[in-house]
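To keep things clear, I will list the structure first and then write my remarks on it.
These numbers were taken from a predicted model, which means no experiment stands behind them.
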Amino acid sequence: MLWLEREVVATLVSPTLDGQTRTAIETYVDDSLRAMPEHLRVGVAAESLLFGAWPRLQGALGVYDRGSMRSRVERWKASRFDLVRQYVRLLQSLVLFAEHELTPGAVR
């Protein structure tokens, strides 16, 4: 997973879950993104690089606040641009599926 994808997934995962389950969900999302056909993965990766440019610059300047990612993701969910909304929807769908389907026995 790219940096922004990891940040968005961490934001979308339910805060009530324990660390082991959160790690399993992140691993599931990472594996799912890696399993995507290359032509789809390139598009998602390009969006991640584009959308992550500003937060990464803020991080380099020492002003990035991880807490602001939640409000940023909420704005993206309501964006009037389909590509922005679909980017969050893809990651949110993977997170929701993993949250509901992974059992403690399935955790690696």
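Using a 4.5 Å cut-off on side-chain heavy atoms (C-beta onward), F51 and V84 make contact. Within the 4.5 Å cutoff, the side chain of W76 has no heavy atoms near those of the F81 side chain. Between T23 and T27 there is a side-chain heavy-atom pair separated by less than 4.5 Å.
Scored by the side chain to side chain contact (heavy atoms under 4.5 Å, CB included) test, R75 finds S71, R72 as partners (sequence neighbours excluded). Residues satisfying the side chain to side chain contact (heavy atoms under 4.5 Å, CB included) test with E7, not counting sequence neighbours, are W3, Y64, R66, M69. With sequence neighbours excluded, no residue satisfies side chain to side chain donor-acceptor pair (under 3.5 Å) with S68. Residues that satisfy the ring-ring contact (aromatic ring centres under 6.0 Å, His included) test with W54, not counting sequence neighbours, are absent from this structure. Scored by the side chain to side chain donor-acceptor pair (under 3.5 Å) test, Q92 finds no partners at all (sequence neighbours excluded). Remark: R85 engages D82 in a side chain to side chain donor-acceptor pair (under 3.5 Å) (not counting sequence neighbours). Remark: P15 engages no residue in a side chain to side chain contact (heavy atoms under 4.5 Å, CB included) (not counting sequence neighbours). With sequence neighbours excluded, the residues satisfying side chain to side chain contact (heavy atoms under 4.5 Å, CB included) with S32 are Y28, L94.
Contacts classified as salt bridge (Lys or Arg N to Asp or Glu O under 4.0 Å) and involving residues 8-25 (residues at least two apart or in different chains) are not found. Residue pairs meeting the salt bridge (Lys or Arg N to Asp or Glu O under 4.0 Å) criterion with at least one partner in residues 32-45, sequence neighbours excluded, are E5-R41, D30-R34.
Note that CG of L49 is 10.0 Å distant from CZ of R56, once rounded to the nearest 0.5 Å. Residue R89 holds its CZ atom at 12.0 Å from CG of L83, rounded to the nearest 0.5 Å. One finds the OH atom of Y87 at 4.0 Å from the CG atom of L4 (value rounded to the nearest 0.5 Å). Atom CD1 of residue I25 and atom CG of residue L12 lie 10.5 Å apart, to the nearest 0.5 angstrom. Atom CG of L2 sits about 8.5 Å away from atom CG of L33, to the nearest 0.5 Å. In this structure, CD on Q86 lies 12.0 Å from CG on L91, to the nearest 0.5 angstrom.
Hydrophobic clustering (ILVMFWY, side-chain heavy atoms < 4.5 Å, transitive): L17 and L96 are in distinct clusters. Hydrophobic clustering (side-chain heavy atoms under 4.5 Å, transitive across Ile, Leu, Val, Met, Phe, Trp, Tyr) groups L50 together with V73. Tracing side-chain contacts under 4.5 Å through hydrophobic residues (I, L, V, M, F, W, Y), one reaches V95 starting from F97; they form part of the same cluster.
The backbone N or O of A10 lies less than 3.5 Å from no partner atom in the side chain of E26, so there is not a single donor-acceptor pair.
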